[in-house]
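As structure tokens, the structure follows; a few thoughts come after it.
What you see is a predicted model, and the numbers here were worked out from it, not measured in a lab. One-based numbering, in listed order, for ligands and for the atoms of each.
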Amino acid sequence: MSTVSYGSAQAAAPVGAPDVVDLRSDTVTRPTAPMRAAMAAATVGDDVFGDDPTVNALQARVAALLGKEEALFMASGTQSNLCALLSHCGRGDEYIAGNLAHCYRYEGGGGAVLGGIQPQPLPQQADGTLLVADIAAAIKPDDEHFARSRLLCLENTWNGNVLPAAFVEEATALAHGRGLSTHLDGARFFNAAVASGVAPRELARHFDSVSVCFSKGLGAPVGSMLVGSRELIKRARRVRKMVGGGMRQVGVLAAAVDHALTHHVERLADDHALAARLAHGLSGLPGLRVKMPQTNIVFVDVEGGRGEALLEHLRSRGVLATGLIGLRFVTHLDVDAAGVDRAIAAAREFCERT
Ligand SMILES: *Cc1c(COP(=O)(O)O)cnc(C)c1O
């Protein structure tokens with residue numbers, strides 16, 4: 001499995017030009033005109049005082065959707081996972097996560113930096129699961145030599161893979177049986193729900209808390225949410241304030257998210273279909289090894305160490321992707337079939353020429 005670069009190295013790309021096909025991430029979407037209109041019309045108040053009716057309504061909507069007591073608006077997915085870690089765990093506690101999990105590898109070690117929480121990474125399998133035997137062996141006995149095993153974190157989707165339901169059930173049952181809590185990093189939770197046809201509350205059922213992002217495939221400019229029990233969210237609210245996430249007239253952002261939940265969830269199926277179209281188009285090309293996507297992320301290994309050259313060629317044709325050895329293409333709201341076909345044509349030009 002090749003290491004994924006999460007973006008900053010691509011800053012020199014011709015970003016934002018109208019004819020650019022930007023497949024670097026589903027975070028690049030820009031709010032649509034109706035979303036902007038909803039934002040402009042939002043009724044707002046000071047959310048640190050609990051006064052913002054739009055964010056209050058959205059929190060209630062998302063909590064109900066995921067079948068949990070409460071939800072809390074967050075500035076980002078990283079902040080949401082951090083608040084979850086710091087709400088579930090105290091100093092000297094430990095959380096178990098995949099060694100390629102976002103909350104372990106890509107969030108600056110925030111749990112350790114700010115909470116004195118020790119991560120216990122386990123080998124991530126190719127489908128995003130962990131071996132249940134590994135989890136069982138990693139949970140430490142109550143002994144003064146050890147950190148206190150407190151939390152199991154899973155991620156769905158992971159690298160665009162939908163976590164197998166049987167694994168989720170087994171792993172979370174094991175964790176709960178040994179006295180741990182469970183957290184799901186669901187940055188692309190709704191992609192998993194749409195791809196699997198499983199209701200959000202069912203996908204969330206085995207977890208004590210779930211973090212969902214609205215700024216990825218759902219197309220909102222900003223925003224994530226942590227959902228869980230009333231007691232957990234009360235703790236998270238305190239932590240969120242401490243890490244600078246107490247925002248004021250948040251309704252402007254919540255209105256965008258509310259619009260996205262109404263209009264942009266079902267259509268994630270379109271992104272998944274476009275990712276499949278891209279994967280099929282690329283899979284016939286010499287020198288490329290393409291992994292068939294389950295959702296909206298396509299990984300491509302380029303033979304002969306020519307990944308960067310392919311990226312450069314694509315960029316010269318107005319197609320942006322990320323990666324170093326393996327390339328990553330992500331479909332989203334602002335990409336259509338014509339754009340995907342342009343990406344395929346540009347890759348074909350490179351692969352067949354050389
Ligand atoms: C993007 C992402 C996050 C963090 O979201 P930000 O809003 O970028 O902080 C967390 N987990 C996963 C799996 C992600 O893909």
- request: For H272 and N191, test the side chains for any donor-to-acceptor distance below 3.5 angstrom and give the result as yes or no.
  value: yes
query: Where on A187 is there a heavy atom closer than 4.0 Å to ligand 1, on the side chain, on the backbone, on both, or on neither?
result: side chain
Any N/O pair T157/ligand 1 closer than 3.5 Å: no
- request: Pick one of side chain, backbone, both or neither for how T27 approaches ligand 1, counting any non-hydrogen atom pair under 4.0 Å.
  value: neither
- line: The atoms of ligand 1 lying under 4.0 Å from a heavy atom of T78, numbered in the order shown, are 4 (C), 5 (O), 6 (P), 9 (O)
query: Between S215 and ligand 1, is there a nitrogen or oxygen pair with a distance under 3.5 Å?
result: no
field: H280 atom NE2, over 12 foreign heavy atoms within 6.0 Å
entry: no
- line: Of D185, L82, I297, the residue with the heavy atom nearest atom 11 (N) of ligand 1 is D185
task: Check each atom of ligand 1 against the heavy atoms of S76 and keep those under 4.0 Å away; list them by number with element.
output: 7 (O), 9 (O)
Polar atom proximity, G77 to ligand 1 (N or O, under 3.5 Å): yes
- prompt: So, does Q79 sit close enough to ligand 1 that a heavy atom of it is under 4.0 Å from the ligand?
  reply: no
field: Polar proximity ligand 1 side, S224 side, N/O cut 3.5 Å exclusive
entry: no
Residue pair L218, L268: steps toward the side chain to side chain contact (heavy atoms under 4.5 Å, CB included) verdict: CA-CA 8 Å; L218 295 192; L268 290 172; 3.8 Å; yes
- request: Scan side-chain atoms only and decide if S211 and S80 contain a donor-acceptor pair under the 3.5 Å cut-off.
  value: yes
query: Given D208, which of H88, H176, H183 fulfils the side-chain hydrogen bond (donor to acceptor under 3.5 Å, both in side chains) condition?
result: H176
- prompt: Looking at residues at least two apart in the chain, or sitting in another chain, which of them share a side chain to side chain contact (heavy atoms under 4.5 Å, CB included) with S229?
  reply: E69, E231, L232
When the side chains of residues 37-50 are checked against the rest of the protein, which donor-acceptor pairs come out under 3.5 Å, sequence neighbours left out?
from, atom 1, to, atom 2, distance (Å)
D46, OD1, V48, N, 2.9
D46, OD1, R248, NH1, 3.2
D46, OD2, R248, NH1, 3.2

